[in-house]
Structure formats: structure tokens, C-alpha cells
Trainee: 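One structure, pasted below without further comment.
In this text, all values refer to a predicted model and were calculated from it rather than measured experimentally. What's counted below: heavy atoms across the whole structure, side chains too, no hydrogens, waters or symmetry copies. In each ligand, atom 1 is the first atom listed, and ligand 1 is the first ligand listed.
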Amino acid sequence: MNPENVNCNMLAFQAIAWFLKLKEMFISKFGSPPKFYVRAPGRVNIIGEHIDYCGYAVLPMAIEQDILAAVEPLETQVVQLANTNPLYLDFTANAANIQIEKTKPLWHNYFLCGLKGIQERFNLSSPHGMNCLIDGTIPPSAGLSSSSALVCCAGLVALNVNGLTLSKVELAELCAKSERYIGTEGGGMDQSISFLAEEGTAKLIEFSPLRATDVKLPTGAVFVIANSCVEMNKAATSHFNIRVMECRLATKLIAKSQGQDWRNLLKLGDVQTKLGVGFEEMLTLVEKILHPEPYSREEICECLGISLQELRSTILSQNTQDVCSFKLYQRAKHVYSEAARVLQFKKVCDEAPANALQLLGALMNQSHASCRDMYECSCLELDQLVDICLKSGAIGSRLTGAGWGGCTVSMVPADKLTGFLASVRDAYYKTDGQRLGLPKKSLFATNPGGGALVFLEAEKM
Ligand code: GLA
């Protein structure tokens, strides 16, 4: 993608005034105008939670909220980053010496991930510097993928600043990989939808190889995002990586029990592929092989015939080295059942039977129950919000994104939307002083939006 071959459809950017303001701020900050702009959207995942890093397909759509960068390439290697939000402080780096902080990462570290990814991909010995002003409308730590959008935005910025070209698929894969410099072992959903999204359609995102297929959402329903107002930054805690490790350990135990090459298998999806069986068979295997009681590290080492030292150095991530107990049965059950639900959801969308909304709603509700009970990635407020959404007229409602806070997504019959919004506002937002005043930004209907793009200053007006 480069400024010449990107379709710069300015209809997607009705907020000309917003650009003018960003340009003005850029000039007052850096003393010269930006040469180009990049946008990368956030996403809402409709179904398929915590299964992308297990190798399974997910079903997200891009949202209208995005990260926007105004950029001026420099001949030097100085990277000057600024943010329109005064909470995010300016940062200066040398493009040839990028350092990424992993513990409690500040905003600019996500930008640096994208930069570093491009530099490594092209083995750039003297990368260009830049002046860059970032703006954004995605609420942070809300499960709508603000951090991945920032990484994707930075990847696209670095690509263009250095006069390089990559396809959207290559960019998505590169950004998924480079976001891991922050320390979280995410899958590729967020980066893939940020690049591969197209207006008007949700996407089934499949991995290895990465590909995106249109999913036509049912007519007659609207998808509504509601923020629980509980913030969750997945890089600041080990919740996320513990789940990734639990799935990895479950993979190894199942693979070993079936005589597979367990040392080389990392994902629950890989063991299913090796065994060549369906989801039902995998769920039966889980029942047979794994027990519901948590596994101690010692038990895992015994099952795999390895030492604690080997477990730590070859399997566990840096921030899970000291975790003592792992729930393997529950996590594997969630993953195999959720992966099956994604394919069922897509099938119902494709076939559009008369009772499509009921079927889809039931799948979303099962997904939430499994996230809550088996994957334990919900929280009290998310569960309350899901309940309120269902009582307010949603046919299906579930947490979206990593969980432990952040947003829910609900499927609401279009003719019930107004009443639904009023009822959720009264029951969730107006009952809590801190949430009062937030509903406008925290509760909104959304349509599938377009993916990341670049446009030149000259093309903007
Ligand atoms: C985060 C990760 C994704 C995915 C979701 C959970 O957003 O970045 O890769 O694992 O959590 O579905």
C-alpha cells in the first residue's frame, strides 16, 4: 500500500474540519505542514473470542472510530511523536535505535512496534525519521483495539516514510507480529481487520494463510457497542498471556496423549489439524484427557516428562514464569466450542433462514457464557451489562475483545433500537455517577467500516 495505489475516498472522511484542525496543530507543533495522513480503524469482534491465537477463524468488523496520523517524513533519523490528547506526552526517538518498553507500556511504545516491524522486515540500515501527530477516536482500554490500530497506523506510516510497498495481508501479518514486542502474545485478529476491512461487510478472518471473506450481517438487526467503563489494558497485566499459555499447555497435553509431536505444536488448532477430526471429537478428547481441577506446574512437568526449568524456558512467556496453576480443561473447552460457533454464525449469515436472528443471538449468548464460565475473561460489570442489554431487547449480547472490562456487543432488532438505547442508558449508565455523562460515547450502534488507508495532503480537499 502506498499513497498512489490507495483508494482515497474522501467521502469516508466527512470531517474536513477535523483534518484542518489536525493540520493546524501539526504546523504549530512542528513548524511545517504534514505531507500525508494515515488512518487505521478499531474493531468490534462479533463472535470468536480468544481463539485467533489458537489458529481459529474469527468474525470481526471494523468500526468508524480510528487512529489518525499526520506525517512529515524527515531526511534525518529523528522521530518526533506528538498526540492531540494532552494525556499522552510527546516522545522523541532515533529511528535507528528503537527501544520498546514492556512493563506498563506508554502510548508511544505501540507506535514504535509498527516502526520496528517495518525496519526489520526490510532490514533498513538507515531508516527515515519523521514528525508525526497522532489523533484518535477509539476509547482506550475498551476492547475496541485502540492499541492495535495504533500499531497498524505506525506500520503504514513507516512504510510510506521509507518509500516502501507491502500488500494489506503482509502489513497485517507484520503488525500482528510486531505488536508482540510489547509482550502480549495476541493473535492476528485486530491487525487483520484493521487492514482488510471493507465498508458494509463483516469479515471471517482465517489464519495460516491469512485471508478475509465477506460475511453479510442479517438485515433487520443492528449491532450496538456498550462500554462497561471498566478499563482493561491487556499489556499491563498477565491475564491475557496466562490464557495463551493455558491453551499452549492444553495443546501439548492433548497432543502427547495422542502420540503427536507435542514439542512442536503450540496451538489447539494445530493438534486438531494433525488428528484430522471435527470439533465434537476434540471436545470429547478434552473430556477424556484433561481434568477440570487446575493443573500445578509439577503435574504439567510430569505429564510432559520435562523439568520445571524446561517448562519455563521453552513454553512459558516472560510474564507467566511464576504462575503456579493452570486451567486447561476449561480453556480448551471454550476454544473448541467457540471455534465451532464462529463457523455456525457464518453459515447462518450465508443461508439467512427465517429464524436467522434467533440463531445468531443464541450463538452470541453461548459465546458470552463460555467466556464467562470457561475462559473466565468477563467481569461483574460486563455480565451486568450483558444482562441489561438482553432485558432491553437485544437478541444476543456478549463481551467483545479481550474482556476483563471493555465493551459488549449486542444484536438488536432495528425497530427496537431507540427503546433499547434508552433502556440501557437508564439501567447501566444513569445509575452510576461515574458513568453518567458517558452514554453518548459509550453506547452506540455501529456499521461495518472500511480498512486502513493513506492519503496525501494534496488529495485531502
Ligand atoms: C485481543 C487480541 C486479539 C484476540 C482478542 C480476544 O484483542 O489482540 O488477538 O486474541 O484479544 O479475542
Trainee: Does the N or O separation between Asn45 and ligand 1 drop below 3.5 Å for any pair?
Mentor: no
Trainee: May I ask you to decide if Asp66's main-chain N or O and Thr137's side chain share a donor-acceptor pair within less than 3.5 Å?
Mentor: yes
Trainee: Quick one: do Asp214 and Lys346 make a salt bridge, cutoff under 4.0 Å?
Mentor: no
Trainee: Counting distance only, does the side-chain N/O of Asn109 pair as donor-acceptor with the main-chain N or O of Leu106 below 3.5 Å?
Mentor: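 Yes: the side chain of Asn109 pairs with the backbone of Leu106.
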Trainee: Considering residues, nucleotides and ligands other than Glu281, do more than 12 of their heavy atoms fall under 6.0 Å from its CD?
Mentor: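 Atom CD in Glu281 is crowded, with more than 12 foreign heavy atoms closer than 6.0 Å.
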Trainee: Taking 4.0 angstrom as the limit and counting only heavy atoms of Gly187, give me the atoms of ligand 1 inside it, by number and element.
Mentor: 9 (O)
Trainee: Counting each atom of ligand 1 from 1 as listed, which ones have a heavy atom of Ala402 under 4.0 Å away?
Mentor: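 Answer for ligand 1: 11 (O).
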Trainee: Please identify which atoms of ligand 1 are closer than 4.0 Å to at least one heavy atom of Glu49.
Mentor: 6 (C), 12 (O)
Trainee: Which pair of non-hydrogen atoms, one from Pro353 and one from Leu359, has the smallest distance, and what is that distance?
Mentor: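 Shortest heavy-atom contact: CG-CD1, 3.9 Å.
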Trainee: Heavy-atom count around Gln318 CD within 6.0 Å, excluding the residue itself: above 12?
Mentor: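 It does not: Gln318 CD has 12 such atoms or fewer within range.
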Trainee: Students should be able to answer this: which protein heavy-atom is nearest to atom 10 (O) of ligand 1, and at what distance?
Mentor: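 The closest one turns out to be Asp52 OD1, 2.7 Å.
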Trainee: So which atom in Trp262 and which in Ile306 form the shortest heavy-atom distance, rounded to 0.1 Å?
Mentor: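 Heavy-atom minimum between the residues: CH2-CG2, 3.8 Å.
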Trainee: Please work out, at 4.0 Å between heavy atoms, whether the side chain, the backbone, both, or neither of Arg43 comes within that distance of ligand 1.
Mentor: side chain
Trainee: Students should be able to answer this: which protein heavy-atom is nearest to atom 11 (O) of ligand 1, and at what distance?
Mentor: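 Atom 11 (O) of ligand 1 sits closest to the protein heavy atom Phe240 CE1, 3.4 Å.
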Trainee: What is the closest protein heavy atom to atom 5 (C) of ligand 1, and at what distance does it sit?
Mentor: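 Here the nearest protein heavy atom works out to Met189 CE, 3.7 Å.
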Trainee: So, is Gly186 polar-close to ligand 1, with some N/O to N/O distance under 3.5 Å?
Mentor: no
Trainee: Who's closest to atom 7 (O) of ligand 1 heavy-atom-wise, of Ile51, Leu144, Asp190?
Mentor: Asp190
Trainee: Mark up the atoms of ligand 1 that fall under 4.0 Å of a heavy atom belonging to Tyr53, in ascending order.
Mentor: 10 (O)
Trainee: Flag His50 as yes when one of its N or O atoms lies below 3.5 Å from any N or O atom of ligand 1, and as no otherwise.
Mentor: yes
Trainee: Give a yes or no answer on whether the side chain of Ser296 reaches the backbone of Glu299 with a donor-acceptor pair at less than 3.5 Å.
Mentor: yes
